[in-house]
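Below is one structure, written out as structure tokens; the observations come after it.
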Amino acid sequence: EVPSLELAYAQLLELARENPQIQSALYALDRSRRSVTLAEQQANPTPLLTFLRDIPTHTYQFQVGLQFPIDWGQIRNEVRSKEESVMEQEQNLQAAKLEVSSNLKVAFEQYLGAMHNAADFREKVLIPSEESTRITQYGFKRGAVAYVRLLTSQQNLAAVRKEYIALLQSVFVALDALEAAAGQPVIGGQGKP
């Protein structure tokens with residue numbers, strides 16, 4: 001029997017959010033955003049508060065100021081470069097989401113097609129062929145059907161079963177492609193609804 005997939009495409013998209021390809025792109029985007037924040041902090045002036053006490057004269061002195069980095073222009077360029085990297089990572093994330101969505105849609109359609117083909121073949125070819133072979137066996141036992149006809153019927157049934165097994169194999173191949181596109185199991189395991 002073929003496994004039934006009781007998920008809609010929208011549910012598969014929800015599962016695909018955990019796809020390693022998307023998670024990798026999210027991680028790279030987060031890392032780029034943190035590098036921008038760090039670079040911006042290096043470009044900011046640092047407040048300076050100094051307290052001096054002169055022991056021989058018993059005087060106190062407070063100094064307040066801002067300390068600017070010497071290479072402020074270079075730091076500003078680095079910040080801009082990192083901001084561009086963030087935009088690039090955002091585009092990479094969108095591209096990864098589109099690719100996963102596209103792969104998932106194709107795999108889902110292939111799975112549904114393979115399931116439909118296997119179910120139709122079972123109902124329209126396999127079950128009637130099994131019934132025909134049972135009737136032929138019954139006729140042979142009663143002496144109404146020749147042995148050659150019985151063998152032919154059994155050979156036909158074996159060929160039909162072999163073809164059905166090939167269709168089932170295509171269903172499982174399509175299921176594997178669907179799970180690969182989703183990035184996790186969709187039947188059983190963690191992906192089960």
Notebook entry, point to check: Among Gln89, Glu88, Arg34, which residue meets the side-chain contact (heavy atoms from CB on, under 4.5 Å) test with Leu29?
Noted result: Gln89
Within one Ile-Leu-Val-Met-Phe-Trp-Tyr cluster: [X] and [Y], side-chain cutoff 4.5 Å:
{"X": "Val86", "Y": "Leu26", "answer": "yes"}
{"X": "Phe172", "Y": "Leu112", "answer": "yes"}
{"X": "Val160", "Y": "Leu168", "answer": "yes"}

Taking all non-hydrogen atoms of both residues into account, name the closest pair between [X] and [Y] and its distance.
{"X": "Ala181", "Y": "Asn19", "value": "O-ND2, 2.8 Å"}
{"X": "Glu83", "Y": "Val36", "value": "N-CG2, 3.6 Å"}
{"X": "Arg149", "Y": "Thr136", "value": "O-CG2, 4.0 Å"}
{"X": "Ala114", "Y": "Val171", "value": "O-CG2, 3.4 Å"}
{"X": "Leu104", "Y": "Ala182", "value": "CD1-N, 3.8 Å"}

Check: Does CD in Gln169 sit with more than 12 non-hydrogen atoms of other residues, nucleotides or ligands closer than 6.0 Å?
Finding: no
Checklist line | Heavy atoms of other groups near Arg134 CZ, more than 12 under 6.0 Å | finding: yes
Item checked: Stepwise salt bridge (Lys or Arg N to Asp or Glu O under 4.0 Å) check, Arg80 with Glu84 -> CA-CA 6 Å; Arg80 285 188 192 110; Glu84 290 172 3; over 6 Å; no
Between [atom1] of [X] and [atom2] of [Y], what distance do you get to the nearest 0.5 Å?
{"X": "Asn103", "Y": "Leu178", "atom1": "CG", "atom2": "CG", "answer": "11.0 Å"}
{"X": "Ser170", "Y": "Gln110", "atom1": "OG", "atom2": "CD", "answer": "10.0 Å"}
{"X": "Arg122", "Y": "Leu167", "atom1": "CZ", "atom2": "CG", "answer": "12.5 Å"}
{"X": "Gln63", "Y": "Thr50", "atom1": "CD", "atom2": "OG1", "answer": "5.0 Å"}
{"X": "Thr152", "Y": "Tyr147", "atom1": "OG1", "atom2": "OH", "answer": "10.5 Å"}
{"X": "Ile22", "Y": "Arg17", "atom1": "CD1", "atom2": "CZ", "answer": "9.0 Å"}

Note to self: Using a strict threshold of under 4.0 Å (side-chain N to carboxylate O), is an ion pair present between Arg33 and Glu90?
What the structure shows: yes
Is a side-chain N or O of [X] found less than 3.5 angstrom from the main chain of [Y], in a donor-acceptor match?
{"X": "Ser132", "Y": "Ser129", "result": "no"}
{"X": "Ser101", "Y": "Lys97", "result": "no"}
{"X": "Ser32", "Y": "Ala28", "result": "yes"}

Next item on the list: Quick one: do Val125 and Tyr164 satisfy side-chain contact (heavy atoms from CB on, under 4.5 Å)? Show the steps, please.
Entry: CA-CA 9 Å; Val125 178; Tyr164 181 65; over 6 Å; no
Check: Taking only residues two or more places apart in sequence or in another chain, which ones pass salt bridge (charged side-chain N to carboxylate O under 4.0 Å, His left out) with Arg31?
Finding: none
Note to self: Under the rule for salt bridge (charged side-chain N to carboxylate O under 4.0 Å, His left out), what residues qualify as partners of Glu130, not counting sequence neighbours?
What the structure shows: Arg161
Notebook entry, point to check: Does a donor on one side chain and an acceptor on the other come within less than 3.5 Å for Glu179 and Gln184?
Noted result: no
Notebook entry, point to check: Going by distance alone, is a donor N or O of one side chain under 3.5 Å from an acceptor N or O of the other, for Asp54 and Thr57?
Noted result: yes
Next item on the list: Side-chain contact test, heavy atoms from C-beta onward, threshold under 4.5 Å: evaluate it for Val79 versus Lys82 and give yes or no.
Entry: no
